[in-house]
Protein chains: 2
Amino acid sequence: MTHDPNLAAPAEPPSSDNRSEAFQGVREARRNELAEDYVELIAELIHEHGEARPVAIAARLGVRAPTVTKALDRLAREGLITREPYRSVFLTEEGHALARECRRRHEIVLRFLIRLGLDAETAERDAEGIEHHVSEQTLALFAAYADEG
Amino acid sequence: MTHDPNLAAPAEPPSSDNRSEAFQGVREARRNELAEDYVELIAELIHEHGEARPVAIAARLGVRAPTVTKALDRLAREGLITREPYRSVFLTEEGHALARECRRRHEIVLRFLIRLGLDAETAERDAEGIEHHVSEQTLALFAAYADEG
DNA sequence: TTTAAAAGTTAGCTATGGCTAATAATTTAC
DNA sequence: GTAAATTATTAGCCATAGCTAACTTTTAAA
């Protein structure tokens with residue numbers, strides 16, 4: 001599940017302090033956020049338009065084309081997508097699994113926020129940021145509240 | 001409020017697409033996360049021990065000392081802290097304001113998660129990640145739920 | 001007071017994630 | 001079928017955020 005080279009990790013963890021665990025976890029999560037955003041978006045684009053072209057990815061993410069090229073190189077290196085130069089992008093099995101997982105989280109967070117009383121637009125924006133940082137336990141509580149709060 | 005050089009921003013925004021706004025916002029938030037974590041932690045350390053030493057910051061964040069030195073340089077450049085070589089760190093007025101704001105968010109998110117039914121440890125970990133990504137609207141709903149849900 | 005330990009800094013490495021400018025490939029239009 | 005427009009890539013820049021190794025400063029101990 002963890003396609004995470006983690007090349008800059010210390011030989012020996014800097015600290016086993018209890019308080020540092022939360023930050024360690026957050027940094028871990030941050031490293032995967034971009035990959036998750038891309039994979040989720042690629043799945044959406046394929047679903048909506050039959051293919052995921054870099055130009056569409058760039059437009060949706062609000063970044064320039066070369067940024068997308070570089071990011072896709074990294075995703076390919078990590079085994080989440082396959083691609084050929086100047087062609088559309090495809091998800092590997094692993095990428096597809098990650099996309100499903102992301103979509104699931106996103107939907108639960110979104111439904112939860114809307115149920116809480118948030119307007120759809122703000123809910124979408126907040127869900128985008130929150131979805132990468134909720135534990136499975138929190139997700140379960142969100143789902144329960146959304147379903148019958 | 002925004003001490004944000006944003007040097008790599010495009011001359012003309014890549015896209016005004018509605019769907020891209022959420023991602024733009026998340027990227028914006030991500031840029032400030034580290035600074036917020038540091039400032040919040042520095043305030044805590046000062047409160048707990050009377051001073052914030054780099055060695056303590058490194059231990060709490062779970063990173064190495066040079067990482068902290070560099071980050072503190074950046075915070076000083078941004079006007080959030082003041083410091084002298086080999087000495088403890090102090091918050092500027094702006095840094096103090098940001099720390100208060102972060103603490104407020106953190107506490108609301110934490111209280112909310114615990115009220116939802118999460119155990120304290122997981123709540124702490126999730127709050128650390130979530131606090132940077134909640135809008136003022138969501139925060140208000142969280143607070144309301146925590147106070148009398 | 002001198003020395004050893006701890007703390008902090010500097011230098012230099014890697015990788016990510018933005019960007020622009022220039023180039024290459026593919027599509028589209030004529 | 002060629003020319004123009006669009007799309008994609010490459011090269012090269014900058015800043016962040018981590019790391020180790022080596023060095024300096026400060027603090028603590030003997």
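Just so we're on the same page: letters track the sequence lines, and every chain starts at 1. These figures come from a predicted structure and were not determined experimentally. Hydrogens, waters and symmetry mates are skipped; everything else that's a heavy atom, side chains included, is used.
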Rounded distance in Å - CG (A:Asn32) to C1' (C:dG17): 15 Å
Could you go over nucleotides 5-9 of chain D and give all protein N or O partners under 3.5 Å, atom names and distances?
residue	atom	partner	partner atom	Å
D:dT7	O3'	A:Arg53	NH2	2.9
D:dA8	OP1	A:Arg53	NH2	3.4
D:dA8	OP2	A:Val55	N	2.6
D:dA8	O3'	A:Tyr86	N	3.4
D:dT9	OP1	A:Arg83	NH2	2.6
D:dT9	OP2	A:Thr69	OG1	3.1
D:dT9	OP2	A:Arg83	NH2	2.9

Nearest-Å distance for atom pair CD/P, residues A:Glu78 and C:dA15: 13 Å
Proximity to the side chain of A:Arg64 - top-ranked nucleotide from C:dT16, C:dC19, D:dT16: C:dC19
Under 4.0 angstrom between B:Thr67 side-chain N/O and D:dC19 OP1 or OP2: yes
Whole-Å distance separating the CD atom of A:Glu33 from the P atom of C:dG18: 11 Å
Parallel, tilted or perpendicular: rings of B:Phe142 and B:Phe112 (30°, 60°): parallel
Atom-pair distance (CD on B:Glu51; P on D:dT26), nearest Å: 15 Å
Main-chain N/O of B:Leu61 paired to A:Ser20 side chain as donor or acceptor, under 3.5 Å: no
Ionic contact status for B:Glu40 with B:Arg100, cut-off 4.0 Å: no
Phosphate OP1/OP2 of D:dG18: any A:Arg27 side-chain N/O under 4.0 Å: yes
Side chain to side chain contact (heavy atoms under 4.5 Å, CB included) partners for A:Arg87, two or more places apart: A:Glu84
Spacing between A:Glu36 atom CD and C:dT16 atom C1', to the nearest angstrom: 16 Å
Presence of salt bridge, A:Arg111 and A:Asp147, under 4.0 angstrom: yes
Ring centre gap for B:Phe23 and A:Tyr38 strictly below 6.0 Å: no
side-chain N/O B:Arg31 vs D:dT16 OP1/OP2, d < 4.0 Å: no
Partners passing side chain to side chain donor-acceptor pair (under 3.5 Å) against A:Gln137 (at least two apart in sequence or in another chain): B:Thr122
For atom NZ of B:Lys70 and atom P of C:dG12, their distance in whole Å: 13 Å
Any A:Arg30 side-chain nitrogen or oxygen under 4.0 Å from OP1 or OP2 of C:dT16: no
Nearest-angstrom distance from the residue atom CZ of B:Phe23 to C1' of C:dG17: 15 Å
Atom-pair distance (CG on A:Asp73; P on C:dA15), nearest Å: 14 Å
